Structures are given as C-alpha cells and as structure tokens.
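Encoded as structure tokens, the structure appears first; notes follow it.
Quick caveat: nothing in here was measured; it's all calculated off a predicted structure.
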Amino acid sequence: MTDLTKLAPCEVWTEFEAITRVPRPSKKEEKIRDYLVGWAKEHGLEYRCDATGNVVIRKPATTGYEGRPTVILQSHMDMVCEKNSDVAFDFEHDAIRTRIDDGWVRAEGTTLGADDGIGMAAALAMLASATVAHPALEALFTVDEETGLTGAFGLGEGMLTGKYLINLDSEDEGELFIGCAGGVDTVAKFSPMVTPAPDGFEYFRIDVKGLAGGHSGDDIEKGRANSNKLVARLLYELLPYGLVLNRFDGGNLRNAIPREAFAVFGVPAETAGDVCERCRAFAVEIVEEFKYTEPNLQMTLNKIEGVEWVLDPVTMQSLVGALVGLPNGVLAMSHAVEGLVETSSNLASVKFGAEGIVVTTSQRSSVESAKRYAAQTVEAVLRLSGAEVAHSDGYPGWSPDPDSYLLHVTEQCYERLFAVKPKVRAIHAGLECGLFLEKYPELDMVSFGPTLRGVHSPDERLEIATVQKFWDLLCAVVGSL
C-alpha cells in the first residue's frame, strides 16, 4: 500500500489514507461509524448518532465568526464494493490497497472508495484544522448512500442546524453542481421450474469481460456496453438452435453499469457446430459495434461438462426476451439544460438464486413524471414476461437554484483562487441533497469535489492535483460565509 500522506495537501491525504484502512461496504458501516466516533472523541469534538446510523460531528466557530450561520459539510460513509473477478479481496475485512499511477491514486483491482472517502477526508481535515477560519461547522456523514440513500431518508430529527450545506460528493474539479436527478429501482423476480438437463446436448459457458462499466448516472451517456445486454442478445440469437439455459449471472450493483456477465447453456449436439460459429461471428460484430467505447471488450465461449438441470422452456424464453427488450441507457436528453441526460435506465444485475431469478434495474430522471414513466416501461416488459415486479420508494431530484447565495460565494471564491470561472451544472447522478431539502427546506446547497474517474468500478481513480484545488476552494468558501 502506497504512503499517501506525502501528497499535498497533507491534512486531507492523511485522513483519506486512514479511511482506506477501514472496511465500509454499503449497509455495513459499523466499522467506519466507530472510527468517526473515536475520531471525534480523540479531537474533543461533540458528536451525535441517529437511529439510522448517521453521524454528525460539530465544531464551534473560530474567533470572529461566532455570529455567522452554521455550515454543514456533508459526505457519505459507504463505498461501492467492486473488484475484478481474478482479484482476491474481502471488502468486509481488508484495507484498500492503494497505488499512485501517473498523477492518479487508484486501488489494486478494486474500487478505491474515493467516492466518497475523499469527501469524508476533507470534512475531517476541516474539523481538525487549527488554521482555517470558519463559522460553526456540522460534518454530516450518512450511511448507505450507494444502495438506497438510507441515511438521507432516515436522517434523525434535529441532526442539522446549519443554513448552508456543502455536499462533498462530486467528481469533476472546476464544476459546481446545483441540481441532480431523482431515481427509483425496479426489481423483478422470475420463479422458474427446473428440469433435468436433456441428453444429447453439448454445454457451453459464454463470458463477457473487459467492459468499462462505471456509474449508471454519470457515465450512462458515454455509450458503454452493458454486459447483461450483450449476453442476453447472444442467447436470443441462439433460441432457434434449441437453446436450454442453466445459469445467467451479471452485474452486482444497481448504480453501476455491469462490466461482466456469463451464461451457461446447452444446445443439441447436432447444432453445436453452427452455434459455435454464430458465437464467434457475434463476438466479432459486438467488438466492432463498441470499438470506440469498449476497446477492451472480450467475449469468450468455452465448452464445459454437462449440467444437472436447465430452466423450463417458458421461463427461459420469457427471461431472455425480457432482458433483450428492457430499455437501457439514455432514454431522453434534457431540453432545459444543454447536454444533461434527463432520463435513463440501467439493467444493473441478473442473479440466479435458490428463491428464483432476480433482475434489478434502476431508472433516473430530473423530471418526476418521466422517471415514473421510465419505471412503468420497465415494469410493463417484465410483467409481460411473467415476472413479479416491485419498485423501491425512490428518491427526489434536486431542482437547481441559480440565484443561490452559496453558489454565488463559491463562484467568486473559485474565480479568485484560479482566475477562471467554474462551470455550473446539474448532474444526472443522484445526490442526497433532494432528501435534505425535504427535511430542511430552507437549506442553501452546492456540491463540488476533486476529479474522479471510473467510479463504481475497479478503474476508479482520483486525480492528485485536483485534491489541492478542492481543499483550497473548500477553505475559501467556508471562510467567506
């Protein structure tokens, strides 16, 4: 593991390196919560935990700032836990193995957790600072942002008293975010019958690997391939060959574009040669189709020993048809904000288990009615395929306020520091800000951060030079409020 404490600004990187040593999967934040509580005690700061598991650490104003409104620094504790299939790593027990690579910090074969570990680190560095002048501070660390915004939904009464909230969960230095999309998950369950595997069949495993993946909000417009879609498309083409299906597995997280998927299937021995040829041809076609966005795409076919069972034909055809038919990717671009994705859907995961086959999708939109319609289109396809379908509670978007005082201050500070105007944007990804506004409608909010790339995938990396700019801006904004 690389020593990150030698990087600048030392105070932020020191906190970040300590955070990388603490396991913090979504819904399993006990260790990082204990770490935060211990940190607060060590620094003699007041803290509070609510029933949901969120933590607030408070620091009094410095001299001369006592009469100013309290500033909230907000980040989330959990991280997306993704790894390459050939990497041995236990996210519940192991420390992230970091390395420096050509101006970036990344991890060895896993997600780095800079989303949102670097936001947490900046908040802690601000709380620990003896030199930064500031009003009273409340550092809010929420749980389970990545898989359900559980912390923001369940934020305890009276946890916050501040007027200004700086969300530290953005990924593009030089850009200030003042709005985000809302989202909802649509989950289906197929309950198949299984039958003994037929004799006289040859069995194969098809694997899709090497995809870029990424965040299903931030990266959805980049034209990247969805591994579940690719495997489903191949299986659909093989149906006329007498296909039987034993297994389909792809993706892990609702908010990540799936990078890997595989299926185990069989075909009558007399069609096996034609099937192998069709698979080879399909792989060539797919590589060509995605040559600009997926240069490392790999599709491999391997013959395997026989299997014990296969799905009943009705469920197999319904499942494959549904996976091919489900809307996926960008569904609409915004007419209000140029270049902003308005509505999208992500076929996130397909899992075979003892209780059935679970298909998880997520829909996002900055327009509430469009979000609802996108979820309905997904539901309709899945119900027509015979699946049971349920929606999550969803979460609201955050409507932009271009007249925000906090935005005005942040823009001025950025231009003063770096002699260039920052971009002001809304984001297609979900932030917790919309939920905070429901509980505290008077909050004035802005979101910014350093540059991250490849988030929600093992390609996640944090640009070192932008962390200094992120820290300088945060100090300037807090000192100007």
Side-chain angles (χ1 to χ4, degrees), residues 4 6-16 62 64-65 68-69 71-75 100-105 114-135 137 163-180 218 337-340 398 400-429 431 433 444-455 461-481:
L4 303 180
K6 297 178 182 178
L7 300 174
C10 175
E11 54 267 61
V12 176
W13 286 107
T14 297
E15 299 292 352
F16 179 72
T62 56
Y65 284 72
R68 303 191 186 193
V71 177
I72 304 161
L73 308 177
Q74 189 267 319
S75 55
I100 296 174
D101 181 9
D102 194 25
W104 299 78
V105 172
D115 174 16
D116 187 24
I118 194 64
M120 294 177 65
L124 293 177
M126 183 65 70
L127 292 173
S129 176
T131 59
V132 178
H134 58 76
L137 298 176
K163 178 178 180 180
Y164 302 111
L165 186 147
I166 302 173
N167 173 276
L168 305 174
D169 191 21
S170 291
E171 299 157 7
D172 294 278
E173 193 284 319
E175 299 186 358
L176 311 179
F177 294 92
I178 59 170
C180 70
D218 285 347
V337 181
E338 184 177 357
L340 175 68
W398 167 27
D401 177 11
D403 296 323
S404 155
Y405 175 72
L406 177 56
L407 171 63
H408 177 66
V409 169
T410 307
E411 286 182 294
Q412 284 189 327
C413 288
Y414 193 93
E415 190 170 1
R416 185 175 72 248
L417 286 169
F418 309 120
V420 64
K421 289 182 178 294
K423 295 180 181 178
V424 179
R425 292 185 52 202
I427 190 173
H428 188 57
L431 295 171
C433 297
D444 189 355
M445 302 187 295
V446 70
S447 178
F448 58 84
T451 296
L452 283 82
R453 292 293 179 263
V455 295
R461 58 200 183 276
L462 171 59
E463 189 173 18
I464 295 169
T466 64
V467 176
Q468 182 69 64
K469 297 180 73 175
F470 168 48
W471 174 244
D472 290 344
L473 179 61
L474 181 61
C475 292
V477 172
V478 168
S480 300
L481 291 172

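In terms of modelled atom types and a separation under 3.5 Å, the side chain of S447 and the main chain of N167 share a donor-acceptor contact. Formation of a donor-acceptor pair under 3.5 Å by the S75 side chain with backbone atoms of D116 is not found in this model. Side chain of S129 to backbone of T131: a donor-acceptor contact under 3.5 angstrom is found.
In this structure, CD on E463 lies 9.0 Å from NZ on K469, to the nearest 0.5 angstrom. Distance OG1/T466 to CG/D172: 9.5 Å, rounded to 0.5 Å. The structure places NZ of K6 at 9.5 Å from CD1 of I100, a figure rounded to the nearest 0.5 Å. In this structure, the separation between CG on L137 and OG1 on T62 is 8.5 Å, given to the nearest 0.5 Å. Taking SG of C433 as the start and CD1 of I178 as the end, the distance is 11.5 Å to the nearest 0.5 Å.
Nearest heavy-atom pair across V132 and M126 is CG1-SD, 3.6 Å. In terms of heavy-atom proximity, F177 sits nearest to W398 at O-CH2, 3.3 Å. Nearest approach of K163 to P69, heavy atoms of both residues: CB-CB, 3.8 Å. The two residues C180 and L431 come nearest to each other via the heavy atoms SG-N, 3.5 Å. Here the shortest heavy-atom pairing between L168 and A122 reads CD1-CB, 4.5 Å. In terms of heavy-atom proximity, Y65 sits nearest to A133 at CE1-CB, 3.5 Å.
Y414 and E173 form a side-chain donor-acceptor contact under 3.5 Å, judged by distance and modelled atom types alone.
Taking 4.0 Å as the cut-off between side-chain N and carboxylate O, D218 and R453 do not count as a salt-bridged pair.
With sequence neighbours excluded, no residue forms a side chain to side chain donor-acceptor pair (under 3.5 Å) with R461. Scored by the side chain to side chain contact (heavy atoms under 4.5 Å, CB included) test, T14 finds T5, C10 as partners (sequence neighbours excluded). Scanning for side chain to side chain contact (heavy atoms under 4.5 Å, CB included) contacts around S404 gives D401, L406, L407, D444, with sequence neighbours left out.
Ring planes of W13 and F16: perpendicular class, angle over 60° (limits at 30 and 60°).
Contact check for E171 versus D115: side-chain heavy atoms found under the 4.5 Å cut-off. Counting heavy atoms from C-beta outward, F448 and E175 have side chains that stay 4.5 Å or more apart. At a threshold of 4.5 Å between non-hydrogen side-chain atoms, the residues L462 and T451 do not count as touching. Put simply, the side chain of T410 does not reach to within 4.5 Å of the side chain of I166, judged on heavy atoms. Residues F470 and V12 are not in side-chain contact: their nearest non-hydrogen atoms beyond the backbone lie 4.5 Å or more apart. The closest side-chain heavy-atom distance from P9 to V467 is below 4.5 Å.
Residue pairs that meet the salt bridge (charged side-chain N to carboxylate O under 4.0 Å, His left out) test with at least one member in residues 405-420, sequence neighbours left out, are E415-K421. Contacts classified as salt bridge (charged side-chain N to carboxylate O under 4.0 Å, His left out) and involving residues 123-133 (residues at least two apart or in different chains) are not found.
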Output side-chain donor-acceptor pairs under 3.5 Å for residues 471-481, partner residues at least two apart or in another chain, one line each.
from, atom 1, to, atom 2, distance (Å)
W471, NE1, E11, OE2, 3.4
D472, OD1, Q468, NE2, 2.9
S480, OG, A476, O, 2.7

